[in-house]
Each structure stands twice: as C-alpha cells, then as structure tokens.
Amino acid sequence: MDTNKNMLTEPIVDMQNVCIRYGEDPEILSNIKLSLDKGSFHFLTGKSGAGKTSLLSMMYLALMPSRGTVSVFGSNIGYASRHTMAMLRRKIGVVFQDFRLLEHLSAYDNVAVPLRIRGMGENEIKKRVKELLSWVELDKSMDKICSTLSGGEKQRVAIARAVINRPEILLADEPTGNVDNDIASKLMKLFVELNKLGTTVVIATHSKDLIAEYNYPQIHLENKTLKIIPALRRVS
Amino acid sequence: MKRKFFLKNHSELPLKEDKSTFFLEISVGVSVFLFSIALAAYFLISLMICSWNKSIVHGLSVQIMPSQEVLTPEEELLYTGKVIQFFEGLENVEKVRLIKDAQIKKLMSPWLGQNVDISSLPLPKLLEVRLKSGKNFDYEKTARLLKETAPYASIDNHGIWLQKLVKSASSLKMMSIFILLVVLVAAAVSIMFAVQTSLKIHQNIIEILHIMGATDDYVAKQYGKRVFVVSFFSSIIGSLFALLSLLVVAKISSNLDAGLISSAKLALPHWLFLMSLPLWTGFFAMATALVSVKRSLGKMM
Ligand SMILES: Nc1ncnc2c1ncn2[C@@H]1O[C@H](COP(=O)(O)OP(=O)(O)OP(=O)(O)O)[C@@H](O)[C@H]1O
Ligand SMILES: [Mg+2]
C-alpha cells in the first residue's frame, strides 16, 4: 500500500542536496533541492550564467552532480548502468540552446534520429517525421542539409527532434529565441499540448513576455540557489 | 526509390568522409599482402616438414665396421654387446635387434655365393633399432655419443641429414608464425588507431546520439559496418597482389625443379584459404573496431 502511494506521488525528477561545479571551478549551484511532479510545467529562469543549462543537462543525464543525488523516473543516476541511462534518456526530449543538430544530415534525418535509435521501421518513421515537419512549417526544407538552414529553421528542427517520440519529460533551453512571434506562440502551444497529454515540461527562458503570458511556476536560479516562484494565477 | 535505398543503411556518423579511412585502407591492404605471403610460406614449410618426417623411418640401422686392429671373436662380441647396451639405454628406443650372421649371409649370398664362411670375412655387424617415435629422436646427438662409446659403430646418415633439414625448416616455420602474429598485431593496432582518431573527431555527434538515448552498441555498430566494408575491399586488393606474387614464385620454382625442396606444393584448400582472407580480415577488423569503440565509449558521457 505504502509503495503504491509512493509510486503515484513519486516525483519524475528529484534532486537532493545537489551541487554542480565544472572541474576545480567554484560551485555554480549549491545544495539544490528540486522535485518535479509528473505532468508539471515550469519555466526555468535566472540571469545569464546562473546555471540554467547546467541544471537542464543534469536532468537529461549529460552532467553528473558533483555532490548530492539526482533521481530521474525513480532511478538514482549515480548508480545507473550505461544501458539504463540510455533507456532513461529515451524518455526525455531535449531542445538545446545551441540546437546541436547533426549538421551534415538533412532536417528529415535529424528528426528521424530518436526513432531510428529505438529501431522503428522506416515507413513509420517517414509518416511521423513528415507529419511533424509540416506542422512546424518545414515541409519545404525537409531534405535540406541542416548546415544550410536558417537559425529559426534549425530551432524548429531541434524542437521537432525533441518531441517526435512524445517524451515523458521535455527539456527546452531557450526554444523560442530565434523564431518570430507567430511561430513562437505556435511552438509554445505545442509544448502546452504535450503537457496536457502528460509530458513534464521545463523551459529555460529569458523572455518576460512568455512567462507573463503563460503564467506557469518558475524555477528561479540566483546566487547558486534555487527557489520556486509559484504561478500568479491559474492557467485558464 | 533511390532515397528509400539509402535510408535503409542510414548512419548518423559521417564515417565515409573520414580522413582516417585512407590510412585504414593502406594499412589493411599492406597487412593482408604480408599476411598472405607469410601464410603461404608457413603452409609450404609445414608441407615440406611433413613429407620429410614421413621419410624418417621409425627406426634406424647401425653398422659396426670390422676393425683394422684384428679383434678376437670374443672381443668382437663384447664390442657388439657394448653397442647394443648403448642403444638399449636410450630413452626413445623400443627394441634393438642384432641381425644374425645367417641373415647377413642370406643378404650377401647373391654376391658371395653359398659356400662362404662369413665369420672369416670382414663383414660389418648390423643392428636394427626400432624407435618409439622417429620425430623426437635426436640423430645427431646419438651419433656423437655413439662415436665416443664405440668408434667403429655408425648410424646410417640419411636420417641425420633429414633431421637437420627438418630442424632448420622448423625454425623457419616458427619465424613465419612470428611474422603472422606481428602483422596481425600491427593491423589491429592501426585499426584501433584509425577508430580512435575517428571517435575523437565525431565526439560531439556521439554525445548527441547518447543524449537521444543511443546505446553504445548503436554507435559501435556504425563503426563495425564501416570498418568491415573498408577492410574487406582494401584487403581484396592486398590479397590479389599477394596471390599474383605467389603464382609468379610458384611458376619460377617449378621451372627450377630442385628435387626434394620443391616437392612441396600448395594444394587447393591452401589456395582457397588464401583467397578467403579478405573475408576473415573484414571480420577481424570489425571485431577489433567494435571492441576498441566500445571500450572508448564506456569512458565517454
Ligand atoms: N563545460 C563547462 N565547463 C566549465 N564551465 C562551464 C561549462 N558549462 C558552463 N560553465 C559555467 O557554468 C556557469 C553556468 O553556465 P550555464 O550555461 O549553465 O548558464 P545559463 O544559465 O544557461 O546561461 P545562459 O542564460 O547564458 O544560457 C557559467 O559561469 C559557465 O561559464
Ligand atoms: Mg544556457
């Protein structure tokens, strides 16, 4: 009974007394405590250099805490095997601040990567990728090599790649920084839709407008510490 | 249609553009060339040793020459006994038999006629020594020791000569094995080097793949496939050159037929194995690459 209750309320991301530092540099974040519930939506805010990207990379399991414990989907990542880590990462979609696309591949192939990694058949991949790319208004640029795409186009490819597999956690680092307002609000709608379907979302952003408009709680980083700023009003 | 074909064999790592591919092609091609030649040498030497060993009989004959100083029959008997004792004392000897005078007489009769008293003639005494195994018998050492014990006795020298030949051929055989190993190690090292270089170049892409949930196997497979293809095709070239050289050598040596030495010839299975080397090379290179890639990935994010 007790375990049952735990499973229902268990946070999808849990950090206890986590510190982050790079090499011998001073700590960027100290004694962080953070629990994200399944299906929650947070903005991640803080000045440039506050550690937003670092915090996110810990959540997508690319960075180990220098101290403390991080659990994702209930697995303590300090003890997870390489294979377990790979399987956990498959449930996480990431939009990188600098996109990190495979520049030598086409937009289509970039978006197909997460599906191919899972061994999905090419026909199914084709259907899904084409559908999503036309939704983000990239059907014309589908076969273009990524290095020839514009910043905004790359950003949309990056987002398409992050959501193609309907991840359980979506971590997006400044996902609307390079696109015009129309596309930005369309992409935000996509994130909101995914969230309604159960995806836990964290979006790092500097945009006050975005935060004001959507009014989700904020994970705010300042002076190496983290505080949650609750949503001002309920999302209608 | 075309696109579908390419999609089937997608690979996120642009390994085809790798500069280290050229290095891999050259080193694998040269390795396979050297390996084929050394392997052919190994086959030939083994064949020769085998045929020589067959002709070393599992026994030897010893003759005791009649001496210049006239020995009394008793003395002669004593002398023969000493030689028999000598051979019976050797480890590898199964049985020593003195060939009876009557038998020698019989052997000699066609030349000497029936009515000759053998004991009055200076005929050699013959011993037949049966060995447990002809291979492990040291003819040379035995001959030397025998000379010290009984200077009038001698071993027929055919076996000695063959065994000397087998000994030197065996050291050649060891050398060819050594060369095979060296080539194998050198090839493995250069494959690892090429793969490691490539991993460094593509570290960023590999990291992205890992973040998307790719296992080490997924990444390693792309290397395995690529290394197999590159090694297979470059070893076909290396192998062709080696086979051509071997054919030329075979042609020349059959022209200079030198009896015993050229009696060894590669048979069909040998040629087939030599021709299948590119395939083995492909698998060997692939396995080496997989191991090397996986070890390095284990240290990455
Ligand atoms: N790989 C790294 N090695 C060393 N220091 C790093 C590394 N990555 C980040 N840092 C440092 O950590 C601090 C936090 O960086 P981070 O990228 O997390 O900030 P951020 O909040 O995402 O900033 P921005 O809003 O500009 O993207 C910075 O001082 C940065 O210099
Ligand atoms: Mg950042």
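Here the structure is a predicted model, which is why all the values come from computation and not from measurement. Naming convention: chains lettered A, B, ... in sequence-line order (proteins, then strands); numbering from 1 in each chain.
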Quiz prompt | A/Ile125 versus chain B, the contacting section by heavy-atom distance below 4.5 Å | solution = neither
Exercise. Under 4.5 Å heavy-atom distance to chain B, tell me which part of A/Arg100 shows up: side chain, backbone, both or neither.
Key: both
Exercise. Against chain A, label B/Asp216 side chain, backbone, both or neither, depending on which of its atoms sit under 4.5 Å from a heavy atom there.
Key: side chain
Quiz item: What part of A/Met87 is in contact with chain B, defined as an atom under 4.5 angstrom from a non-hydrogen atom: side chain, backbone, both or neither?
Solution: side chain
Quiz item: If you measure only the distance, is there a donor-acceptor pair under 3.5 Å linking the side chains of A/Thr53 and A/Gln97?
Solution: yes
Quiz item: Looking only at heavy atoms, which two atoms of B/Leu290 and B/Gly224 are closest? And how far apart?
Solution: CD2-CA, 4.0 Å
Practice problem: Would you please test A/Ser81 and A/Thr84 for side chain to side chain donor-acceptor pair (under 3.5 Å) and show each step? | Solution: CA-CA 5 Å; A/Ser81 69; A/Thr84 309; 2.8 Å; yes
Quiz item: Are any of the side-chain heavy atoms of B/Tyr42 and B/Ile177 separated by less than 4.5 Å?
Solution: yes
